[in-house]
Protein chains: 2
Amino acid sequence: MENLDQTDKTILRILQNDSKKTAKEIASMLNLTVSPVYERIRRLENQGFIKKYVAILDKMRIGKAVTVMCQVSMRYHNEAFIDEFEEQIQDLQEVQECYHAVGQVDFILKIHVGSLEEYHEFLRYKLSKIKNIGVLNSIFLIKEIKQTSEYYI
Amino acid sequence: MENLDQTDKTILRILQNDSKKTAKEIASMLNLTVSPVYERIRRLENQGFIKKYVAILDKMRIGKAVTVMCQVSMRYHNEAFIDEFEEQIQDLQEVQECYHAVGQVDFILKIHVGSLEEYHEFLRYKLSKIKNIGVLNSIFLIKEIKQTSEYYI
DNA sequence: TTTTTTACTAAAGGTGATTGTGCAAACGTT
DNA sequence: AACGTTTGCACAATCACCTTTAGTAAAAAA
């Protein structure tokens with residue numbers, strides 16, 4: 001019940017790369033009929049293996065030419081400040097990802113903006129407004145070597 | 001032709017969060033009928049704004065409990081070594097993302113594995129096998145504050 | 001004004017999603 | 001070995017939506 005067999009894994013691999021594939025197409029790739037494939041997909045959804053289906057946009061096409069990994073360290077590490085930081089990050093549209101890290105930095109943020117000017121404004125008028133930020137370190141990503149949402153299973 | 005109007009942007013925002021939404025549902029959200037919505041979606045696909053549709057898995061559910069940002073600097077910065085690195089990264093299943101950076105480090109990798117043990121093996125038997133790697137710095141991500149594939153448009 | 005473009009509504013045919021039934025193989029138990 | 005249970009699959013039928021086409025209206029350009 002809990003485990004994924006090889007067929008499940010193959011279905012997940014296919015859907016991670018193209019969720020528009022029909023149950024029919026997947027079935028013929030697996031030498032099955034539609035219904036077992038359909039049932040498996042529904043089970044994978046209901047059991048939470050598949051979290052959601054999304055469209056992936058071309059970031060250059062929509063004018064997000066600049067990607068930055070922003071490393072943030074807090075000045076003081078008390079719970080209230082941390083909570084406040086995490087809350088405020090949610091509302092920043094430029095922040096696509098934010099993680100609490102362990103090591104040299106406290107947080108790592110992935111930022112998408114249209115230009116260096118926009119990034120400057122993001123830093124100056126949004127990120128810097130959050131209290132208690134100590135060190136702030138920007139690493140600009142100038143080329144995508146590999147970029148996927150797929151997990152290997 | 002080239003630009004996105006407000007309707008396009010709303011459609012893209014909806015599809016970035018749930019690509020299973022039907023044209024019918026989107027149409028009713030926008031107070032439109034089905035065909036203009038459908039035509040716009042097809043146009044957004046054909047013009048490359050929408051790159052693909054994917055299923056997003058729950059990484060904990062599929063046993064990828066450990067996420068690491070791995071910062072790599074090369075020993076020598078000649079083109080051949082760089083190209084070789086970029087090629088070999090493609091084949092590493094644990095690497096979900098890899099970017100060429102500018103600043104203190106040369107590359108940033110996002111790694112997903114099931115355990116610290118697995119990460120150790122990844123470093124030892126896969127990443128370290130790549131020639132010319134100098135500094136290698138692992139930052140463990142212990143909590144997702146924000147995690148999406150959506151671009152704000 | 002005329003032409004062209006753009007975005008829309010409406011309707012219809014094709015296709016896939018969805019569901020139910022039944023079969024067959026595998027497994028566990030007696 | 002025989003029986004019951006479970007699991008996974010095939011088949012078929014219905015339903016909903018996708019997809020396309022044709023036609024209309026409004027706005028922009030000539």
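Naming: A, B, ... by sequence-line order, numbering from 1 per chain.
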Side-chain hydrophobic cluster, 4.5 Å single linkage: members besides B:V34: none
Short heteroatom pairs, N/O only, protein and nucleotides 19-22 of chain C, under 3.5 Å:
unit_1: C:dT19; atom_1: OP2; unit_2: A:Y38; atom_2: OH; d: 3.4
unit_1: C:dT19; atom_1: OP2; unit_2: A:R42; atom_2: NH1; d: 3.2

How is the hydrophobic cluster of B:Y76 composed, in terms of its other members, when Ile, Leu, Val, Met, Phe, Trp and Tyr link through side-chain heavy atoms under 4.5 Å apart, directly or indirectly? B:F81
Name the atoms and distances for all side-chain donor-acceptor pairs under 3.5 Å in residues 120-129 of chain B, with sequence neighbours left out.
unit_1: B:K126; atom_1: NZ; unit_2: B:E94; atom_2: OE1; d: 3.3
unit_1: B:K126; atom_1: NZ; unit_2: B:E94; atom_2: OE2; d: 2.8
unit_1: B:S128; atom_1: OG; unit_2: B:L123; atom_2: O; d: 2.5

Under the salt bridge (Lys or Arg N to Asp or Glu O under 4.0 Å) rule, collect the residues that match up with B:E45, sequence neighbours excluded. none
Other than A:M69, what residues sit in its cluster of Ile, Leu, Val, Met, Phe, Trp and Tyr side chains whose heavy atoms are under 4.5 Å apart, directly or through others? A:Y99, A:V105, A:I108, A:I139, A:L141, B:M69, B:Y99, B:V105, B:I108, B:I139, B:L141
ILVMFWY clustering at 4.5 Å (side-chain atoms), partners of A:I56: A:V54, B:V54, B:I56
A:L30 has an atom CG; how far is it from atom P of D:dA10, in whole Å? 11 Å
Across all chains, not counting sequence neighbours, the salt bridge (Lys or Arg N to Asp or Glu O under 4.0 Å) partners of A:E144 are A:K59
Let me know the distance between CD1 of B:I41 and C1' of D:dT19, rounded to the nearest Å. 12 Å
Starting at CG of B:D5 and ending at P of C:dA7, how long is that distance when rounded to a whole Å? 7 Å
note: A:R43, atom CZ; D:dT7, atom P; distance rounded to Å ~ 11 Å
B:D106: what forms a salt bridge (Lys or Arg N to Asp or Glu O under 4.0 Å) with it, not counting sequence neighbours? none
Anything under 30° is parallel, anything over 60° is perpendicular, the rest tilted; go ahead and classify A:F107 against A:F85. tilted
Which residues pass the salt bridge (Lys or Arg N to Asp or Glu O under 4.0 Å) test with A:D58, not counting sequence neighbours? none
Rounded to whole Å, CG of B:L4 lies from C1' of C:dA7 at a distance of 16 Å
What is the distance, to the nearest angstrom, from the CG atom on A:N31 to the C1' atom on D:dG8? 15 Å
Under-4.0 Å salt bridge between A:D8 and A:R13: no
Taking DNA chain C as the partner, which of residues 6-27 of chain B come within under 4.0 angstrom of it by heavy atom? none
Take the C1' atoms of the five end pairs on each side of the helix from C:dT1-D:dA30 to C:dT30-D:dA1, get both axes, and report the angle to 10 degrees. 30°
